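A short write-up of the structure that comes next.
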2 protein chains.
Amino acid sequence: MEDVAKRAGVALGTVSNVINQPQKVSRATIDKVQRAIAELGFVPNRAARALAAGTSNTIGVVIADLSNSFFVDMARGAESIAAESSINVVLANADMRRSKQAANLDLFRQERMAGILLAPLPGADGSLLTGRNRTPLVFLNDAAIEGACTVSVDNEYGGYLAASHLLAIGRRRLLFAGDPAQAVPIADRLRGVERAVRETAGASLELSPTPEVQADDGRTLGFAIAHRPESERPDGIVAAADLLALGLVQILGADASIRIPEDIAITGYDNNRAAWESLIPITTIAQPGEQIGAVAMALLLEEIRDPEGHEHTHSVLEPTLVVRASTQRT
Amino acid sequence: MEDVAKRAGVALGTVSNVINQPQKVSRATIDKVQRAIAELGFVPNRAARALAAGTSNTIGVVIADLSNSFFVDMARGAESIAAESSINVVLANADMRRSKQAANLDLFRQERMAGILLAPLPGADGSLLTGRNRTPLVFLNDAAIEGACTVSVDNEYGGYLAASHLLAIGRRRLLFAGDPAQAVPIADRLRGVERAVRETAGASLELSPTPEVQADDGRTLGFAIAHRPESERPDGIVAAADLLALGLVQILGADASIRIPEDIAITGYDNNRAAWESLIPITTIAQPGEQIGAVAMALLLEEIRDPEGHEHTHSVLEPTLVVRASTQRT
DNA sequence: TTGTATGCGTTATCAC
DNA sequence: GTGATAACGCATACAA
């Protein structure tokens with residue numbers, strides 16, 4: 001920067017002003033300085049800036065698993081809000097490993113990021129808000145944390161939405177596919193399903209735990225259901241995840257004696273690609289991934305701007321129902 | 001850090017040594033200092049370190065599109081190599097936008113990253129190696145760049161692999177699904193297919209350009225093929241991408257007069273989830289995503305360690321064939 | 001509006 | 001092995 005100043009024939013502080021507060025500098029000087037910057041191929045040093053200013057203007061996002069497009073959506077939503085304030089966003093992938101999650105948090109704190117967004121691994125707690133370094137931090141997709149803002153989705157309501165849809169199209173013998181003991185969100189979804197069933201006279205619910213929520217588990221369950229006598233089959237299935245639903249649809253849809261959705265209607269969860277790329281597109285519950293990121297970034301920016309007056313908020317967003325051919329003939 | 005020094009009753013420089021070169025400090029002092037660090041909850045300031053040392057020890061990865069798991073694989077491979085040298089990795093998503101790609105590159109250069117890995121948008125050229133700031137940069141998944149290391153995959157060979165496999169199982173009337181004019185990698189794959197066909201007596205090749213390479217395009221083409229008289233159908237199809245193959249399999253597999261793979265064998269490309277979650281799992285060409293990232297990171301580290309002696313390398317990796325039910329009955 | 005001086009937290013180079 | 005001290009490149013008063 002000193003070279004630029006010399007080259008432009010101005011003082012060092014003036015160059016700094018041209019970059020950060022152009023309105024306080026005359027047109028002519030701005031031009032001179034910018035020409036010098038271009039000629040010298042000058043690249044400002046953010047490390048120095050962060051040091052001098054005490055804080056950087058970039059925000060770090062730590063993601064539990066980048067292979068999961070749900071998290072990528074959150075990152076995108078966060079970026080779009082940050083961009084409005086011309087704040088930069090960098091990502092770090094914990095890759096489902098607790099140690100990497102901790103390392104990435106450390107890294108961002110050491111870099112003196114303006115703030116951190118964390119989509120944590122399952123089982124996160126307040127201990128992640130550790131140490132004397134109080135970099136503002138907002139949790140994504142996790143509700144049970146005190147001492148920080150959180151943004152999450154209402155899984156109970158999602159389950160309720162799915163079941164209500166099936167009930168609304170006349171289904172009464174529902175089946176929930178997925179193991180509530182496997183993950184908290186699945187248990188929440190089941191609770192929502194149960195609530196919807198309770199509210200409807202004559203409706204029943206069967207629980208079919210599956211080892212995982214992959215397509216293979218869906219296929220296995222699909223075969224089991226197809227082999228039942230027709231009278232004992234459910235007429236509506238809420239799958240805890242889209243892949244599970246995909247497996248079910250693949251098997252049940254291929255069975256000559258079963259029509260989807262007339263005989264069995266099926267809903268998934270997550271609005272994965274798998275849901276709409278299926279031969280029979282699958283009705284699903286869409287999680288507002290981008291919205292989570294956007295809301296979280298908004299909260300974070302608020303906290304950054306007013307660290308004292310800031311009050312921690314626990315924001316819970318609602319998922320939405322996306323109706324497709326697996327429940328409704330178009 | 002000054003506080004830590006005072007608290008531990010040592011000089012500031014000693015604290016720095018404890019952190020960076022423990023071997024130059026006595027056991028007793030190390031213990032004292034580390035206790036002070038813990039008690040004060042001290043978090044080192046990387047901005048200051050980068051400023052003083054002139055370079056950071058983190059590497060930035062700019063990714064064209066994080067929604068594409070291929071790129072995520074590259075990032076994972078890069079991280080695994082970097083971790084061996086305890087070098088940090090942060091990501092930035094260009095989200096398919098040229099402006100964001102440029103902004104992210106700027107950001108990393110301004111942060112004085114030790115190096116940059118770039119998985120560029122289509123149409124990248126040497127202009128991305130701009131300016132006076134020579135942060136080492138390696139291109140991922142792009143071969144046609146001078147003045148930097150590149151790591152890419154041999155798409156021609158991938159096409160050759162796919163077609164050779166079909167020819168090896170006795171297919172002679174091949175069809176290539178995908179538009180070579182849409183993207184360079186697709187054109188490369190087609191070239192490989194053509195080469196394999198040329199090498200085999202009695203083999204013919206038909207080209208069916210599709211608007212995109214999505215599942216929908218595959219379904220459309222699938223219907224068209226199903227409607228042909230049986231004698232005019234291909235007996236082997238090389239799809240330019242897995243989703244395209246998925247759509248083809250969905251339609252052709254559902255046609256009562258067509259058996260997969262007996263009548264028509266189908267290969268995809270990329271080894272997407274879609275390929276193995278299909279009802280009929282799809283034979284595909286797997287791109288070595290993690291390997292690309294790993295090789296690129298290794299090249300980058302080499303360039304960082306010896307900027308002078310470094311010679312730019314253009315590394316071309318080979319994809320592999322993954323045989324599944326869409327070409328071979330198990 | 002422009003120029004000058006000080007400090008940000010570390011590293012690195014010296015003496016001790 | 002340890003302790004002072006000068007950069008590092010920039011922001012930010014403050015003075016001109």
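This structure is a prediction, so every number in the text was calculated from the model and none was measured. Chain identifiers are assigned alphabetically (A, B, ...) following the order of the sequence lines, protein sequences preceding nucleic acid strands; residue numbering begins at 1 within each chain.
When the options I304(A), V90(A), I116(A), N88(A) are evaluated for a side chain to side chain contact (heavy atoms under 4.5 Å, CB included) with I59(A), the one that passes is I304(A).
Residue contacts for V15(A): at a heavy-atom cut-off of 4.0 Å it reaches no nucleic acid atom on any strand shown.
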N/O contacts under 3.5 Å, protein versus nucleotides 12-16 of chain C?
none

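Protein atom CD1 of I19(A) is 9 Å distant from nucleotide atom C1' of dC10(D), rounded to whole Å. The interatomic distance linking K6(B) (NZ) with dG9(C) (P) rounds to 12 Å, in whole Å. The distance between atom NZ of K24(A) and atom C1' of dA13(D), rounded to the nearest whole Å, is 10 Å. Between I37(A) atom CD1 and dG9(D) atom C1' there is a gap of 14 Å when expressed in whole angstrom units. Note: CG (D3(B)) to P (dC8(C)) measures 11 Å, nearest angstrom. In this entry the distance linking CG of N45(B) with P of dG7(C) reads 18 Å, nearest Å. Distance R27(B) CZ to dT2(D) C1': 17 Å, rounded to the nearest Å. The nearest whole Å value for the distance from the CG atom in L51(B) to the C1' atom in dA6(D) is 13 Å.
Side-chain atoms of D270(B) and Q287(B) form a donor-acceptor pair, as typed in the model, at a separation below 3.5 Å. For the 3.5 Å distance criterion, the side chains of R76(B) and S67(A) qualify, holding a donor opposite an acceptor.
Using a 4.0 Å cut-off between charged nitrogen and carboxylate oxygen, D31(A) and R35(A) do not count as a salt-bridge pair.
For S26(A), taking side-chain heavy atoms from C-beta onward, the closest of the listed nucleotides dC10(D), dT2(D), dT1(C) is dT1(C). Nearest nucleotide to the side chain of T29(A), out of dA11(D), dT1(C), dC8(D): dT1(C).
Heavy-atom distances to DNA chain D give each of T14(A) and A47(A) a nearest nucleotide, and the one nearer the 5′ end belongs to A47(A).
Inter-residue side-chain proximity for R46(A) and L107(B) is flagged as met; some heavy-atom pair is nearer than 4.5 Å. Looking at heavy atoms from C-beta onward, F108(A) lies out of side-chain contact with T135(A) at the 4.5 angstrom threshold.
A side-chain donor-acceptor contact under 3.5 Å links R112(A) to the backbone of P44(B).
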